[in-house]
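The figures here come from the full heavy-atom set of this structure, side chains too, leaving out hydrogens, waters and symmetry mates.
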Amino acid sequence: MGVNKSKAETDKGSRMISTVVSPAVQLWLRSQVEAVETLQFKLMGRDRQILRGYIPTVSIAARRAIYQGLHLSQIQLDGTNIRFNLTQVFKGKPLQLLEPIPVTGQLILRESDLQASLDAPLLSNALTDLLNTFIKSYNRPDQYPPLNESEINWQQITIDGERLTLKGTVTKEATREIPIMIDAGIQLATPQQLRLHPLQIHINAQQPPITLEHFTIDLGSEVDLEELTLTPGQLICRGCIRVIP
């Protein structure tokens, strides 16, 4: 009788996971993206762990996802040590993370993904902020004044080997458009830093380009990259990021 009771409890726990927890996880994952062509995930852990609101590992594979306007061809991620609001999930509430979680994996960005993402405010504003940082580092405000988001239209991005080239136009006085181009080599300096070298910014053919040596971008303490590889037409990124609820 004890064996049968234990098996019945196990079966009940498995059913609760498959009918309540798994759909809640899937709904939460889909809510994080605007669109996704395919999304697969797998919960890894014992039933008793999951039914206490703890998932040791979630493996995620997605293709052609859009996150905040960013197009992503291929994503492979593993989230670990996930604690969530199990009691509320059983009451029909959306799943919520209760603690930061480390997420490791690989992200492939194709040139076409980046091109399709240029209109996304998350990317276009970040590129404009980065450009203004370049200009400020050059320390020639009389020649190159700061620009705002409304003045720049990013139009084309290309990846060629270890170099990335970004082109756009700067609109001045409502009607005058000035071509702009950023050309940079990109390497991983440390797990938290990118090195751009060599780096040139061309603003207007009548002015000499801005040339900066060994410019470093700090990605923050929540990032721990192992690989950043540029090959013709695509960028491959592998590492870990800490997701804050």
Side-chain angles (χ1 to χ4, degrees), residues 1-110 113 117 120 122 188 191-192 219-229 234-245:
M1 293 294 291
V3 173
N4 291 337
K5 181 179 179 181
S6 177
K7 184 178 185 302
E9 290 176 347
T10 299
D11 291 343
K12 181 180 178 181
S14 297
R15 285 196 301 273
M16 291 173 69
I17 291 171
S18 62
T19 59
V20 179
V21 179
S22 289
V25 172
Q26 184 175 39
L27 184 61
W28 183 83
L29 290 172
R30 287 189 174 274
S31 73
Q32 302 304 300
V33 296
E34 299 164 35
V36 62
E37 184 177 283
T38 61
L39 174 64
Q40 298 176 329
F41 72 96
K42 182 178 181 181
L43 306 182
M44 287 178 279
R46 297 179 180 177
D47 288 359
R48 67 178 64 182
Q49 291 175 308
I50 297 174
L51 292 174
R52 289 174 181 168
Y54 173 71
I55 304 174
T57 304
V58 174
S59 288
I60 303 165
R63 291 178 57 84
R64 300 190 181 279
I66 302 177
Y67 172 75
Q68 294 188 22
L70 303 181
H71 292 244
L72 310 170
S73 276
Q74 186 175 331
I75 308 169
Q76 293 178 324
L77 302 173
D78 288 325
T80 57
N81 295 323
I82 302 164
R83 299 189 183 278
F84 64 101
N85 58 331
L86 178 69
T87 302
Q88 284 75 24
V89 167
F90 280 138
K91 294 178 180 179
K93 302 294 184 181
L95 183 143
Q96 293 181 341
L97 301 179
L98 300 181
E99 298 177 0
I101 60 170
V103 176
T104 61
Q106 177 174 283
L107 173 67
I108 297 177
L109 280 170
R110 306 192 191 283
D113 296 330
S117 303
L122 184 65
L188 192 61
Q192 291 80 35
L219 302 175
S221 60
E222 308 299 338
V223 175
D224 187 10
L225 295 184
E226 298 177 14
E227 176 190 357
L228 182 72
T229 304
Q234 72 177 13
L235 181 154
I236 301 172
C237 183
R238 185 168 57 87
C240 178
I241 185 170
R242 193 163 176 258
V243 176
I244 308 298

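- Contact record, L109 with H71: CD2-O, 3.4 Å, taken as the closest heavy-atom pair.
- How far CG of D113 is from OG of S73: 3.0 Å, rounded to the nearest 0.5 Å.
- What you find for P23 and I17 is that their closest heavy atoms are CD-O, 4.1 Å.
- Listed by chain and number, the residues in a salt bridge (Lys or Arg N to Asp or Glu O under 4.0 Å) with R242 are E222 (sequence neighbours excluded).
- Listed by first and then second residue, the salt bridge (charged side-chain N to carboxylate O under 4.0 Å, His left out) pairs that reach into residues 61-70 are E37-R64, sequence neighbours excluded.
- Minimum heavy-atom separation, L95 to A24: CB-O, 4.0 Å.
- Expressed to the nearest 0.5 Å, how far CD of Q88 lies from NZ of K93 amounts to 8.5 Å.
- Between P191 and V223, every side-chain heavy-atom pair lies at or beyond the 4.5 Å cut-off.
- One finds the CH2 atom of W28 at 4.5 Å from the CG atom of L97 (value rounded to the nearest 0.5 Å).
- The side-chain hydrogen bond (donor to acceptor under 3.5 Å, both in side chains) test applied to Q234 returns R110, not counting sequence neighbours.
- We find the CD-OG1 distance between Q74 and T38 to be 9.0 Å, quoted to the nearest 0.5 Å.
- With sequence neighbours excluded, the residues satisfying side chain to side chain contact (heavy atoms under 4.5 Å, CB included) with P102 are T80, C240.
- In this structure, L235 and T229 have side chains that are not in contact, with every pair of non-hydrogen atoms separated by 4.5 Å or more.
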Enumerate, atom names and distances included, each donor-acceptor pair closer than 3.5 Å involving a side-chain atom of residues 48-62, sequence neighbours excluded.
{"residue": "Q49", "atom": "OE1", "partner": "R46", "partner atom": "N", "Å": "2.9"}
{"residue": "Y54", "atom": "OH", "partner": "N81", "partner atom": "OD1", "Å": "2.7"}
{"residue": "S59", "atom": "OG", "partner": "D78", "partner atom": "OD1", "Å": "2.5"}

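- Evaluation of the side chain to side chain contact (heavy atoms under 4.5 Å, CB included) rule for E34 yields I66, Q68 as partners, not counting sequence neighbours.
- Between the CD atom in Q76 and the CD atom in Q106 there is a gap of 6.0 Å [rounded to 0.5 Å].
- We find the CD1-CG distance between I241 and D224 to be 10.5 Å, quoted to the nearest 0.5 Å.
- Side-chain contact check for C237 versus L225: some heavy-atom pair is nearer than 4.5 Å.
- In this view, L86 and V21, F84, F90 satisfy the side chain to side chain contact (heavy atoms under 4.5 Å, CB included) rule, not counting sequence neighbours.
- For Q26, the side chain to side chain contact (heavy atoms under 4.5 Å, CB included) criterion is met by R30, F41, not counting sequence neighbours.
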